[in-house]
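Atom set for the values below is all heavy atoms of this structure, side chains included, hydrogens, waters and symmetry mates excluded. Here is how names work: the chains are called A, B, and so on, in the same order as the sequence lines, proteins then strands, and each is numbered from 1.
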Amino acid sequence: MNTIVTRFAPSPTGYLHIGGARTAIFNWLLARHHGGKFLLRIEDTDLVRSNADMTRSILDAMEWLGLSHDGEITYQSQRFDLYNEYIDKLLGTGHAYWCSCSPEEVEAMREEARAKGLKPKYSGRCREAGLGPGPARVVRLKAPVTGATVVDDMVKGSVSIDNAELDDMVLRRADGSPTYNLAVVVDDATMGVTHIIRGDDHLNNTPRQMLIYKALGFPLPRFGHVPMILGPDKKKLSKRHGATAVMEYETEGFLPEAMLNGLVRLGWACGDQEIFSREELVELFSTENLGSSAAVFDKAKLLWLNAHYIKESPAARLAVLVNAFLERKGLPSQDLEYLARVVPLLQPRAQTLAEMAEKAECFVVRTDDLVYDMAAVKKLFTNEVRGHLAAVRTLLEGIEPFDQAGLEQAVHAYMEERAIKFKLLAQPIRVAITGGTASPGLFETMEVMGKRRVLSRIDRALAL
RNA sequence: GUCCCCAUCGUCUAGUGGCCUAGGACGGCGGCCUCUCACGCCGCUAACAGGGGUUCAAAUCCCCUUGGGGACGCCA
């Protein structure tokens, strides 16, 4: 069996968005599953709209997702000579011809066809004119006018289009630059690409490209057109649906493995399995399981996946990531060892790293900076409670080691002696040391915070 | 307008003619656990777009309708 070669070919006119990332993932997976190659090509022929920063950001997003590519990156802007070489070849073999029709004239032809209720097309006026090169002339493909071209698609099955539907597309513009369809075919063929997974908005282009493959004598690759990703209103996903750029999700505190898992499940399934590690995906991926209907991107499910991966991650890794989020909030860089002890308490309680950083705040701020929920303080800190808090403070001072078991035992003993319910004091203590009414378990929180911090906070709370 | 694609719970999906009284997951709702908040666990909710065929048998195959999407560039 020949080695499988896939590719991802973004045009650097915007950030890597959800849809693009997903096709990149599918191509990457197909290559990795078969031990083939995954190539990267930047389609920057539109020099006006393309720029290097966008290329950089797309590369960053792919790296974040862990989509490693093989070999050098190909830039279309550096291959114009190659494209022209093949256009000349087509001219030489009679598969292409020069056309002197102006854009206005062509537009008129389209209008005419439209008026007749037909598909707007170029009429083929210069097809047999035997024109040579000249100013303002383009090169067109001499496409077959009869028969049909059928795409044997990996996801859509057999799709047939009448050649009469297609017109003689432009291969070289009047300014001498190659068009997209020509460049893509030359690139994919010369790069040795064997399998192309892309969005189904390209499905209509495929027969056209196949005609170029044929004219050039190139072997055809396999195509697979995956459906688009929709927003909650079932319209094509766009900015108004919220975050569409992959890296916005990093900013919101998503883990790359959650993103990968979430995206791959949009249009691909493997039985009832929901959670897939990168390795499992590589092992299990098959184009057989690609779905053919459009999918709505559901952030709630992505959040669930992210929460799952947060629970699975080693605390040390999360500590580093959370620290970055804390820094973004203007807090100084934290002691990572301390943070790594805080993290496990927060893992079951955060769906994103941003949320985790928020909850970590009360663990890391200076006692003087701790923000108290004053409504809770007012409601809970009765004189009686204040008395108990002071007593508990004294009690805690003597506990050594200051660990969960010891703390729990001591505090419970204190309550039992006085016949008070734990519930009565739990919330006041919580508010005193964390500032709020919701937190991880009281004793584990105390242990992680440490005696000094806990005592200073009770002191400050009593002074409120 | 013409051509192409698509159609299972609110969402992602399983399903490749009998295992379907349609399964799983997210969400929602209810409960259990419990020092708060979560986690976890248990239960409930909810779908084959409609109509015709084919077949002993159809969510699965065919046709039509409807509804969505896409393409028709000297953009990519």
Side-chain angles (χ1 to χ4, degrees), chain A residues 9-11 13 43-46 48-50 76 99 101-103 106-107 110 113-122 136-140 151 153 155-157 159-162 164-167 169-175 177-181 183-184 199-208 225 227-228 230 232 234-236 262 265-275 288-289 291-305 307 311 345-351 359 376 408 411 421-427 429-431 434 436-443:
Chain A
S11 77
T13 53
E43 309 212 321
D44 56 352
T45 52
D46 186 339
V48 193
R49 293 198 300 154
S50 303
Q76 285 192 327
C99 167
C101 300
S102 70
V106 175
E107 187 42 46
R110 284 196 242 276
R114 238 188 294 260
K116 286 187 199 155
L118 299 172
K119 192 156 205 156
K121 294 197 311 184
Y122 167 69
R137 287 188 184 175
V138 301
V139 175
R140 287 182 183 275
V151 187
D153 197 273
V155 348
K156 305 278 189 190
V159 178
S160 170
I161 299 208
D162 280 347
E165 290 293 323
L166 282 15
D167 61 2
M169 77 192 109
V170 172
L171 302 175
R172 170 153 50 192
R173 302 188 185 97
D175 67 4
S177 64
T179 56
Y180 166 77
N181 282 121
V184 165
D200 70 3
D201 47 333
H202 284 280
L203 185 53
N204 290 280
N205 262 330
T206 303
R208 298 166 163 279
H225 290 92
M228 329 243 308
L230 275 23
K234 303 237 180 200
K235 299 277 184 215
K236 190 172 172 172
R265 280 287 288 106
L266 236 45
W268 181 83
C270 185
D272 285 339
Q273 191 171 342
E274 295 286 350
I275 306 286
E288 295 287 306
N289 306 328
S292 52
S293 59
V296 172
F297 179 68
D298 181 21
K299 198 162 175 180
K301 192 152 186 177
L302 186 64
L303 277 166
W304 170 76
L305 275 169
K311 281 176 218 126
L345 306 196
L346 270 19
Q347 276 174 294
R349 297 178 168 79
Q351 287 191 298
K359 291 189 183 347
E408 189 156 7
V411 173
K421 284 221 191 309
F422 180 63
K423 284 203 183 215
L424 185 77
L425 270 190
Q427 277 306 72
I429 296 175
R430 186 185 315 283
V431 171
T434 69
T437 55
S439 82
L442 215 42
F443 302 110

Euclidean distance, atom NZ of residue Lys156(A) to atom P of A71(B) [Å, nearest integer]: 13 Å
Sugar-phosphate only, base, or nothing, as touched by His202(A) at under 4.0 Å among non-hydrogen atoms: base
G24(B) base / Gln273(A) side chain donor-acceptor hit below 3.5 Å: no
Check: G70(B) base within 3.5 Å donor-acceptor of Asp200(A) side chain: no
For the student: nearest non-hydrogen atoms of Leu266(A) and Val296(A), plus distance: CD1-O, 4.0 Å
Sugar-phosphate, base or nothing in reach of Ala174(A), heavy atoms under 4.0 Å: base
Candidate nucleotides C5(B), C39(B), C74(B), ranked by approach to the side chain of Arg173(A) - the nearest: C74(B)
Rounded distance in Å between the P positions of A7(B) and G50(B): 15 Å
Nucleotide of A76(B), G70(B), C3(B) approaching Ile161(A) most closely (side-chain heavy atoms): C3(B)
Sugar-phosphate only, base, or nothing, as touched by Arg172(A) at under 4.0 Å among non-hydrogen atoms: nothing
Minimum heavy-atom distance Ala438(A)-Arg430(A), with the two atoms named: N-CD, 4.1 Å
C72(B) base / Lys119(A) side chain donor-acceptor hit below 3.5 Å: no
For atom CG of Leu303(A) and atom P of U11(B), their distance in whole Å: 18 Å
Nucleotide nearest Asp201(A) when distance is taken to its side chain, options G70(B), A76(B), G24(B): G70(B)
Sugar-phosphate, base or nothing in reach of Glu43(A), heavy atoms under 4.0 Å: sugar-phosphate
Chi class for C72(B): syn within 90° of 0, otherwise anti: anti
C12(B) to U8(B) separation - C1' atoms, rounded to the nearest Å: 12 Å
Spacing between Asp167(A) atom CG and C74(B) atom P, to the nearest angstrom: 8 Å
Sugar-phosphate, base or nothing in reach of Ser293(A), heavy atoms under 4.0 Å: sugar-phosphate
Span that lies between the C1' atom of C9(B) and that of A14(B), in whole angstrom: 13 Å
Sugar-phosphate only, base, or nothing, as touched by Thr437(A) at under 4.0 Å among non-hydrogen atoms: base
Any N/O donor-acceptor pair, Arg430(A) side-chain to C35(B) base, under 3.5 Å: yes
Distance, rounded to the nearest Å, where Trp268(A) contributes CH2 and A25(B) contributes P: 17 Å
Atom C1', compared across C41(B) and U34(B): separation rounded to whole Å: 13 Å
Euclidean distance, atom CG of residue Leu171(A) to atom P of A76(B) [Å, nearest integer]: 13 Å
Touch class at under 4.0 angstrom, heavy-atom based, for Cys99(A) against every strand present: nothing
For atom CG of Asp272(A) and atom P of G24(B), their distance in whole Å: 8 Å
Sugar-phosphate only, base, or nothing, as touched by Lys311(A) at under 4.0 Å among non-hydrogen atoms: sugar-phosphate
Rounded P spacing from C35(B) to C42(B) in Å: 22 Å
Inter-nucleotide P distance (U60(B), G15(B)), Å rounded: 15 Å
Touch class at under 4.0 angstrom, heavy-atom based, for Pro103(A) against every strand present: base
Whole angstrom value for the distance that separates C1' of U34(B) from CG of Leu442(A): 13 Å
P spacing across the pair U45(B) / C39(B), given as an integer number of angstrom: 23 Å
Inter-nucleotide P distance (C19(B), A57(B)), Å rounded: 14 Å
